[in-house]
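First the structure, in the form of structure tokens, and then the observations on it.
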Amino acid sequence: FSAGWFLCIMLPHMRSRLSRRDFLKFSLLGLGSLAARPVFATPDDLDGMDIARVAIRQISVHSQPNEESRILFQLYRDELAHIYYEVESEHGPGYNPYWYRVWGWYIHRASTQRVRPYLNPVAGSIREGGQLGEITVPYSQALLFRSERTGWETLYRLYYGSTHWVMSVDEGPDGGPWYRLKDELLEIEYHVPAQHVRLIPDEEFAPLSPDVPAHLKRIEISIARQEVVAFERDQEVFRTRISSGLPYKPEGMIPWDTPKGSFNIYSKMPSKHMGDGRLTGNPEDYELPGVPWTCFFEETGVAFHGTYWHTDFGRPRSHGCINMTNEDAKWIFRWTTPVSAPTTIEQTGYGTQVIVY
């Protein structure tokens, strides 16, 4: 094992014995050692750098890119592994036959998140009303300031690619600049190190194909093929694999399968907290703060959105929503109507048609 590998594997278990300042320092050191050179400078310095973050309770490390091969050990939630390259395995699984070579072993990519981490310049100020920001490190530990007496409290981990409303630049618990973030669901505010967040420029909200009349755009979702296809008039302009809702009905709850029929996008939120609204900070809770590029199209809350908790597109996996990569969800967000401005937390209106079959 390299020093970087050891730090990234062991940090989650060491965290209780480190101060928050030491934890941040050693977290950055560990990630830097993975590349055997300084990592957190600019995005250009990360050329060729890939990291897999474990996104569920645990995954198996195999001797070969094959689920039937020998299991060597387990990696646990939020542990990190350097990706040397990706393998398309003849052993599948068929819908997602991709494995990562990590050190001398292999992990299937389904329950990981691929991360290209970097730090960001800190803004001198944040515009009135807030700016959307994106996490650019494997995860950033959010802290909630309760009072002068109780100090800072550990809250959620905010994951790579998740988006959050940045309200101001404040002094953090380590004396450095931290961004104050606002949670749109719970109406609370908490902080993360400012360098962990990329402020998203206004041009990344600009509508795509604005010259095409809104009524001539439509999206079709095939549950059988696990695909989304977008059309302008009758010409296909976009296609991607997705994960739709699972065929499951919890007792007394809304079924998880994605409803079929014809709908229209009615609400768009570039950052959405999905979950039960608990403040425990337990990563095993069903809490998904900062789900990116969310477009609701069905009255029970079914939406297109980015996904930072798996890379398993091609089979049903959600509670009803259409899971997509963050990049694909952002494309849908920009291409569809109603058009959302960079300062708008939620844009409502009668928008693009969505057909599910």
Side-chain angles (χ1 to χ4, degrees), residues 55-56 95-96 110-111 113 134 156 158-164 183-186 218-230 238-250 252-278 285-338 340 345-349 351-357:
I56 60 172
Y95 69 94
N96 189 1
S111 296
Q113 181 188 28
E134 176 185 51
Y156 309 117
L158 306 183
Y159 291 104
Y160 181 87
S162 63
T163 52
H164 309 270
D183 187 293
E184 46 74 32
L185 176 67
L186 302 178
R218 76 177 187 277
I219 296 174
E220 295 185 4
I221 303 171
S222 169
I223 302 299
R225 295 197 305 271
Q226 292 290 286
E227 280 187 340
V228 160
V229 184
F238 178 84
R239 179 185 295 262
T240 192
R241 304 196 81 188
I242 52 99
S243 289
S244 66
L246 289 160
Y248 175 63
K249 187 182 186 308
M253 298 178 65
I254 297 171
W256 288 4
D257 57 318
T258 303
K260 295 181 179 179
S262 179
F263 311 95
N264 291 83
I265 291 175
Y266 65 86
S267 170
K268 294 169 72 171
M269 303 181 72
S271 171
K272 179 72 182 109
H273 182 151
M274 297 183 179
D276 297 329
R278 286 176 284 191
D285 286 343
Y286 176 57
E287 294 299 336
L288 300 171
V291 176
W293 311 112
T294 302
C295 298
F296 290 96
F297 61 85
E298 195 272 341
E299 62 183 6
T300 62
V302 177
F304 301 101
H305 59 70
T307 310
Y308 55 77
W309 50 92
H310 73 79
T311 309
D312 202 24
F313 307 106
R315 66 164 180 153
R317 183 156 173 157
S318 80
H319 289 191
C321 286
I322 303 300
N323 289 188
M324 318 173 75
T325 68
N326 292 347
E327 294 76 15
D328 288 345
K330 187 177 183 180
W331 191 95
I332 292 289
F333 188 95
R334 296 177 61 185
W335 182 79
T336 56
T337 57
S340 183
I345 292 176
E346 181 178 18
Q347 178 66 56
T348 60
T352 303
Q353 183 183 30
V354 179
I355 301 170
V356 186
Y357 60 89

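Since the structure is predicted, the reported quantities are computational estimates derived from the model, not experimental observations. Worth knowing before you read on, the calculation uses all heavy atoms, side chains too, and leaves out hydrogens, waters and symmetry mates.
The backbone N or O of Leu158 sits nowhere less than 3.5 Å from a side-chain atom of Ser162 that would complete a donor-acceptor pair. In this structure a side-chain-to-backbone donor-acceptor pair under 3.5 Å is missing from Glu220 to Val356. Under the 3.5 Å distance criterion, the side-chain polar atoms of Asn323 are left unmatched by any main-chain donor or acceptor of Ile242. A distance-only check finds a donor-acceptor pair linking the side chain of Ser243 to the backbone of Arg315 [under 3.5 Å]. In this structure, Glu227 contributes its side chain and Arg239 its backbone to no donor-acceptor pair below 3.5 Å.
Side-chain atoms of Phe304 and Asp328, non-hydrogen and from C-beta on, never get closer than 4.5 Å to each other. Looking at heavy atoms from C-beta onward, Val228 lies in side-chain contact with Ile322 at the 4.5 angstrom threshold. The closest side-chain heavy-atom distance from Lys272 to Thr163 is not below 4.5 Å. Looking at heavy atoms from C-beta onward, Ile345 lies in side-chain contact with Met269 at the 4.5 angstrom threshold.
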Donor-acceptor contacts, no H, no angles, side chain residues 253-263, under 3.5 Å, sequence neighbours left out:
residue: Thr258; atom: OG1; partner: Gly245; partner atom: N; Å: 2.8
residue: Thr258; atom: OG1; partner: Gly320; partner atom: O; Å: 2.8
residue: Ser262; atom: OG; partner: Gln353; partner atom: NE2; Å: 3.1

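With no hydrogens or angles considered, no side-chain donor-acceptor pair links Asp183 and Tyr156 at under 3.5 Å. Side-chain atoms of Gln226 and Ser244 include a donor-acceptor pair closer than 3.5 Å. Using modelled atom types, one finds no donor on one side chain facing an acceptor on the other under 3.5 Å when comparing His164 with Glu134.
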>> Working note: Val229 + Ile219, criterion side chain to side chain contact (heavy atoms under 4.5 Å, CB included); need CA distance, chi angles, decisive distance, verdict.
In response: CA-CA 6 Å; Val229 184; Ile219 296 174; over 6 Å; no

>> Pair Gln113, His310 - check side chain to side chain donor-acceptor pair (under 3.5 Å), show working.
In response: CA-CA 6 Å; Gln113 181 188 28; His310 73 79; over 6 Å; no

>> Between Met324 and Thr240, does the side chain to side chain contact (heavy atoms under 4.5 Å, CB included) criterion hold? Intermediate values first, please.
In response: CA-CA 8 Å; Met324 318 173 75; Thr240 192; 3.7 Å; yes

>> Determine whether Phe333 and His305 satisfy the following criterion, ring pair (Phe, Tyr, Trp, His ring centres under 6.0 Å), listing intermediate values before the conclusion.
In response: CA-CA 9 Å; Phe333 188 95; His305 59 70; over 10 Å; no

> Hey, mind stepping through Tyr308 and Tyr160 against ring pair (Phe, Tyr, Trp, His ring centres under 6.0 Å) and telling me if it holds?
Replying inline: CA-CA 7 Å; Tyr308 55 77; Tyr160 181 87; 10.0 Å; no

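In this structure, Met274 CE and Glu287 CD are separated by 12.0 Å, a value rounded to the nearest 0.5 Å. In this structure, OG in Ser318 is found 12.0 Å from CG in Asp312, a value given to the nearest 0.5 Å. Rounded to the nearest 0.5 angstrom, Tyr266 OH and Glu299 CD are separated by 8.0 Å. Atom CZ in Arg225 sits 10.5 Å away from atom CD1 in Ile223 (nearest 0.5 Å). Here the CG-CG distance, from Asp276 to Leu185, works out to 10.0 Å after rounding to the nearest 0.5 Å. Here the CZ-OG1 distance, from Arg317 to Thr307, works out to 9.5 Å after rounding to the nearest 0.5 Å.
Annotation for Pro292 and Ala329: closest pair O-CB, 4.4 Å, computed over non-hydrogen atoms. In plain terms, the two heavy atoms of Thr294 and Ala303 that are nearest each other are CG2-CB, 3.7 Å. Here the shortest heavy-atom pairing between Phe297 and Ile221 reads CZ-CD1, 4.0 Å. Nearest heavy-atom pair, Gly306 versus Val291, reported as atom, atom and distance to 0.1 Å: O-CG1, 3.7 Å. The minimum heavy-atom distance between Cys321 and Gly301, with the atom names listed, is SG-O, 3.7 Å.
Aromatic ring pairs are classed by plane angle as parallel below 30°, tilted from 30° to 60° and perpendicular above 60°; the pair Trp335 and Trp331 is parallel.
Salt-bridge formation is not detected for the pair Glu346/Lys268: no Lys NZ or Arg NE/NH1/NH2 atom is positioned less than 4.0 Å from an Asp or Glu carboxylate oxygen.
The ring of Tyr286 has its center closer than 6.0 angstrom to the ring center of His319.
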